[in-house]
Amino acid sequence: MVIMDTNAYDDMLKTAFPAIRANEPVCTKSSHFQVPKNLLPAITHYIHTQPNLRGKLTLLWACDHRPSRDTYGLYYLFTLEASHHWMVLSTELTNTDRLFPSITPHIHAAQWYEREIRDMFGLIPQGHPDLRRLVRHEHWPKGTHPLRKDFPWNCVLGRQQGTYHFPHIEGEGVFEVPVGPIHAGIIEPGHFRFSVAGEPIMHLELRHFWKHRGVEKLFEQQPLTDAVSLAERVSGDTTVGHSLAYCQAVEALLHLDVPRRAKYLRSLFLELERLYNHLGDIGAMCNDTAYALAHAHCGRMKEQIMQLNDRLTGSRFLRGVIQVGGVPRDIENAQLVKIVEELNRIQSDFSEVGAIIFANASLTDRLETTGVLNEQTAWDHAVIGIVGRASGMNCDLRRDRPFAAYDELPVNVALYRYGDVRARLRVRGDEIHESIRLIRDIRRKIPDGPIACQPGSLPNPGDWTLSAVEGWRGEILYAVTAGEGGQIHRCKVRDPSFVNWPAIQWAVLGNIIPDFPLINKSFNLSYAGNDL
Amino acid sequence: MFRIIKKSLKIGVVTGRYPRAETPAIPIGAEVKEKAGLFKRSLTIREVDTGSCNACEMEMNALLNPVYDAERCGIHISASPRHADALVVTGPVAINMERALKDVYKQTPDPKIVIALGDCAINCGLFKGSYAVTGPVDRHIPVDLRISGCPPRPAEILEMLTELRKPTV
Ligand code: SF4
């Protein structure tokens, strides 16, 4: 595959489809095309399959343009495999048009996005193979589409009777095991329905969105500069990832130039967040194989980092460390030296624990070939983050589309191909070492200077932008549209969990139910970030 | 084997290595303490998440790590509400979770204590008013104890739970 320059991609697309119109790109390293809606299936298919493009569906969202225009906009974002260039396709549904062609039949990754759009906006993806409700559970009254502009954010929903249809597998000895929404451990709610014959799982159906809190609608009630605390609470364990992605979007809309020192500190916080989560996950995965020793050691190290966070910033989850325009509090260089010293100790501690963990044959036996997500399935579902990197998807935004200070902090991306639980454990292990190395790098390279700039002018209503951050789970995306008087008109939030959840349905096939908690833990996806 | 023992000796005991929390400002009501007195020095908890951002869950999980080790204070986490003495509820009650919360409450044997953990569970926090949130926990089930914070630190949770079971003088 050859990496071509931006114009070459644009020309290719324009030659193949003369009817499309190029728009102003919304951010760097991207192109934007306005396409007629009937051409959508053909163009998306072309971008997805053309060997020189190999576009991966990264985001699909809708926006109600009222009151300024009586239209709905649909946006498709593809990331080209070789160059990580972004291709945005947009189309508009005017007047009373509520139908758009589904691309799910040839791009599998679109399936949840299109169902979500149907629920939230009442737009119908024609030809979608599965039009059951997704976010709206069966008791929501017919015709409730919360993200439409004429839907009041604080209305009280009524209730109706309804049933959700699970697909049934029939045959001798096949039975169903429903689990959830409330589970046995201290974890978030979700429903899993297994069809099994004997021990092995033949089919798994997920039912999520129990925790839907209306986050995207709540964003629309806030001014652009005030919604950082809401972004922090989309998924608590990814506080920095979400607040950073949100702030970057707002900064782009307000044309703010964040000082370099602030960018370095943002990278520092993001790596600290990655560290404590990865350490916790490794412990929890070992715990699910009943290996309590590793769990205790990892839990101890995770706690050490959370206490470090608390001492540094006053919050164990790094709440309030990022603001629009920079960071609110500086971390002195002397403190940075101390952080590095503490992390060095944790690193050698972790290396010793790692040596013990990986020398344990019965653990390896349990992890290897369990919950395999193969490369093809991962590609079809556009799987990202740790799960993707364990299945051969070579993607990491810190390297591919550098943000914060990563343009000066080269990242070595951990990559494995087996796609089993062990690979996901290894990716985390490697990333722990890499994060600590990055923090040492940050300490060395961080420049002195201001840490924040003040937001000045208001954005033009209707302007929109995209922002992406590699959180510890994977790519976090925000698509933010500015409204009148500095309000948010639309804020699309995409946690990596939303993409990776459907893939788990494939990773468990052929495994036994007792291994499901282990596989689930190795994915460790957020329910809150998914359900919004 | 050697390596494991060496590591354990090198690390030593980490339990209790955390900054202490202050004693709760508002004293716990007498009737709640009386109810808690029934369970003597053990308390089995079932955690229910009705729409939190998951930070509150993480802090509950942290209670079980070797640093806080809540088991040493007689606090256990049960896998089923039927074995629980207390329910710990986190998050505002999301519309899709309302029924599940009421079911869990019914399934928990009496007498039981309901603890609302975190600002969201107490007053819906930032999610107040949303179409998808049907109110704080006490709109749906009676709440005995409130632990505020966003999220409360594990030390604070532990302090409250210990305070709850101290005999009244
Ligand atoms: S109280 Fe705070 S930490 Fe707890 S669920 Fe609510 S937002 Fe999250």
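Throughout, a chain's letter reflects where its sequence line sits, starting with A, and its residues are numbered from 1.
- The side-chain heavy atoms of A/R159 and B/E98, taken from C-beta on, include a pair separated by under 4.5 Å.
- Among A/T144, A/D310, A/D531, the residue with the largest count of heavy-atom pairs under 4.5 Å with chain B is A/D310.
- Residue contact with chain A, scored on non-hydrogen atoms closer than 4.5 Å, involves the side chain of B/V104 exclusively.
- Although no hydrogens or angles enter the test, the distance criterion places a donor-acceptor pair under 3.5 Å between the side chain of B/N54 and the main chain of A/D237.
- The candidate from A/P146, A/S526, A/P152, A/S229 with the greatest count of non-hydrogen atom pairs under 4.5 Å with chain B is A/P146.
- Residues A/D349 and B/I11 are in side-chain contact: their nearest non-hydrogen atoms beyond the backbone lie under 4.5 Å apart.
- How far SG of B/C53 is from OH of A/Y527: 15.5 Å, rounded to the nearest 0.5 Å.
- Looking at B/K6, there are no atoms closer than 4.5 Å to chain A (heavy atoms on both sides), in backbone or side chain.
- At least one donor-acceptor pair under 3.5 Å links the side chain of A/R319 to the backbone N or O of B/C150.
- Side-chain polar atoms of B/N96 and A/W140 form a donor-acceptor pair below 3.5 angstrom.
- Looking only at side-chain heavy atoms (C-beta outward), A/V353 and B/K7 come within less than 4.5 Å of each other.
- Only the side chain of A/H297 comes within less than 4.5 Å of a heavy atom of chain B; its backbone N, CA, C and O stay farther away.
- Between chain B and the options A/R213, A/K217, A/Q304, A/R311, the largest number of non-hydrogen pairs under 4.5 Å is found for A/R213.
- Interface remark: B/L126 contributes backbone and side-chain atoms alike to the contact with chain A (heavy atom separation under 4.5 Å).
- A heavy-atom distance below 4.5 Å is found between the side chains of A/N277 and B/M58.
- For chain B, no part of A/A284 is nearby; none of its heavy atoms comes within less than 4.5 Å.
- A/K211 contributes a side-chain N or O that, together with a main-chain N or O of B/S52, makes up a donor-acceptor pair within less than 3.5 Å.
- Residues B/L64 and A/I186 meet the side-chain proximity criterion, which asks for heavy atoms closer than 4.5 Å.
- For a residue to count as touching a neighbouring chain, one of its non-hydrogen atoms must lie under 4.5 Å from one of that chain's; by this rule A/Q307 touches chain B with the side chain only.
- Ranking A/V215, A/V156, A/L230, A/L293 against chain B, the residue ahead of the rest is A/L230, based on heavy-atom pairs under 4.5 Å.
- Note: B/Y131 and A/H212 have tilted aromatic rings, judged against thresholds of 30 and 60 degrees for the angle between ring planes.
- For B/N65, the part lying under 4.5 angstrom from a heavy atom of chain A is the side chain only.
- Expressed to the nearest 0.5 Å, how far CZ of A/R233 lies from CG of B/D119 amounts to 8.5 Å.
- Side-chain contact between A/R316 and B/E59 is present, with heavy atoms from C-beta onward closer than 4.5 Å.
- For the 3.5 Å distance criterion, the side chains of B/Y18 and A/E303 fail to qualify, holding no donor opposite an acceptor.
- Contact annotation for B/S80: neither backbone nor side-chain heavy atoms come within less than 4.5 Å of a heavy atom of chain A.
- By the 4.5 Å heavy-atom criterion applied to side chains, B/M97 and A/P189 are counted as neighbours.
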